[in-house]
Amino acid sequence: MSETPPTTLQYRCDGPEDAPVLILGPSLGTTWHMWDRQVPELTKQWRVFRFDLPGHGGAPAHPAGSVADLTTRLLATLDGLGVQRFGYAGCALGGAVGIELALRHPERLASLALIAASPRFGTADEFRQRGVIVRTNGLDPIARSAPERWFTGGFAAAQPAITEWAVQMVRTTDPGCYIAACEALASFDVRAELASVGVPTLVLVGSEDQVTGPAEARTLVAGIPDARLAVVPGASHLVPVEQPAAVTDLLVRHFSTAWQPGFDTTGHTALPAALVRPAPAAAPPQPVAVAEIAPPVVPPQPQGRPDPYDAGLKVRREVLGDAHVDRVLAGTDDFAGDFQELLTRYAWGEVWDRPGLDRRTRSCVTLTALVAGGHLDELAVHTRAALRNGLTPDEIKEVLLQAAVYCGVPAANRAFKVAQQVVLEETTPQE
């Protein structure tokens, strides 16, 4: 095991020190122990490296808010151990790390297995909503519902010890790190880049997975050039735990037969020695006529700042949610289109995207202004946004109390009724 600074990950290694390295990446809410039943067989051929996500399994609580950040920390950990080349198998969020490795660091990756993975995990709204629930209620509601997301009903009933292990594993995770991991999944979307994955890839999924099921697996296989699909019957999302023997057999076969050759120092795949032929002797140099070439014409660069519309649309979606923004834009006709463009470009691209205030503070200011103006429809929208931006219900209450003093009790009375309903809807765990 390791001692973990903020820029690396907690890890453990098993197996022969001189064997090729195989990395196993965990799912959100789990620890490296989800792979315990694969390790005995895998260590016969590989040096198995497992890691914990920040704040999981007792790892230090240094939140990582993006898949790219997690990948950078993993590579920093491997660099510290002198590991340059490896195979990688990851489950769910661990699978997202595997795709990120294949896209951004292909020279490090020899082979890839994606388990219960997807190029986009649900919608950003779903994961940000989960973050709101955890921020408000802690991890207990998520922990209690974990077995039904992770396992088939028959397995959960027949294996009460494993079911309880799953609940406790989530319950002991650091809430801030769990929320950050939800944000990482909310912003992860590589659907347009799958064709750039250049390593042999096994896509493995449980037939009963309701989280990232066979449909998502087929999207990966259709998009990745060198990919094959394995569907494990009788298994749900945490398939390595529910069907360990089948998963182990598939991993052994894949990594034994689909290990891409290494790269040379120029970043190109090295050719086997048998394929290298000596170059023919060079002919004597001949005089070459040199023509004077005019310097290339560089087109004039546009002046001024870039159009803030795209940045504004991104911020608007992150703060208000995809569902709300899609609904508003879908209902916009020619008459209202210019107004929506103005909002996106200037309110969201110019003001909300400024670095001078963080989004929590901007939500506080916005709520107060809406109370003062009596804009109750917008207050409901921005109460949801405030929860997404990290304000707790207690903090929203304090904002409204402050507004009552300066904006008047009648205005605050109406605002409390609106905000109370929104907070109830957004923070009640879904059964």
Side-chain angles (χ1 to χ4, degrees), residues 24-39 50-59 89-96 114-118 121-123 126-182 184-186 204-217 231-248 250 427-431:
L24 303 179
S27 175
L28 173 61
T30 73
T31 72
W32 63 43
H33 289 294
M34 68 164 283
W35 298 104
D36 279 353
R37 297 176 72 180
Q38 279 72 46
V39 168
R50 291 180 282 171
F51 64 91
D52 277 331
L53 299 167
H56 292 59
C91 183
L93 177 53
L114 303 175
I115 301 165
S118 176
F121 291 79
T123 67
E126 292 169 0
F127 282 101
R128 293 191 173 111
Q129 169 74 7
R130 193 185 297 186
V132 169
I133 290 173
V134 173
R135 194 177 292 113
T136 307
N137 303 290
L139 274 164
D140 189 63
I142 304 295
R144 285 187 281 107
S145 63
E148 63 192 59
R149 292 194 309 275
W150 287 353
F151 307 126
T152 59
F155 179 86
Q159 299 288 345
I162 293 178
T163 301
E164 180 60 21
W165 162 79
V167 171
Q168 293 304 321
M169 190 164 47
V170 178
R171 189 172 279 148
T172 55
T173 299
D174 176 77
C177 289
Y178 188 95
I179 292 169
C182 287
L185 286 172
L204 193 158
V205 65
S207 62
E208 309 305 313
D209 189 344
Q210 301 300 308
V211 182
T212 49
E216 286 84 355
V231 179
V232 178
S236 187
H237 189 59
L238 219 58
V239 57
V241 176
E242 190 162 5
Q243 294 289 350
V247 171
T248 302
L250 287 164
T427 63
T428 300
Q430 301 298 311
E431 297 298 334

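Here, residue 1 is the first one in the sequence, and each next residue gets the next number.
Under the rule for a side chain to side chain donor-acceptor pair (under 3.5 Å), the partners of E242 that lie at least two apart in sequence or sit in another chain are T152. Listed by chain and residue number, V203, V205, L229 satisfy the side-chain contact (heavy atoms from CB on, under 4.5 Å) test with A217 (two or more places apart in sequence, or in another chain). Under the rule for a side-chain contact (heavy atoms from CB on, under 4.5 Å), the partners of T123 that lie at least two apart in sequence or sit in another chain are D125, E126. Contacts of H237 classified as side chain to side chain donor-acceptor pair (under 3.5 Å), with partners at least two apart in sequence or in another chain: D209, T212. Judged as a ring pair (Phe, Tyr, Trp, His ring centres under 6.0 Å), and not counting sequence neighbours, F127 has no contacts. Annotation: ring pair (Phe, Tyr, Trp, His ring centres under 6.0 Å) contacts of F151 (sequence neighbours excluded): F155. In this structure R171 satisfies the salt bridge (charged side-chain N to carboxylate O under 4.0 Å, His left out) test together with D140, sequence neighbours excluded. T172 pairs by the side-chain contact (heavy atoms from CB on, under 4.5 Å) definition with nothing, not counting sequence neighbours. R50 meets the salt bridge (charged side-chain N to carboxylate O under 4.0 Å, His left out) test with D14, D36; sequence neighbours excluded. Residues meeting the side chain to side chain donor-acceptor pair (under 3.5 Å) test with S145, sequence neighbours left out: R149.
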Which donor-acceptor pairs under 3.5 Å do the side chains of residues 161-170 make with protein atoms, sequence neighbours left out?
unit_1	atom_1	unit_2	atom_2	d
T163	OG1	A156	O	3.1
T163	OG1	Q159	O	3.0
E164	OE2	Q168	NE2	2.7

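Side chain of E216 to main chain of A116: no donor-acceptor pair is present (N/O by atom type, distance under 3.5 Å, no hydrogens or angles).
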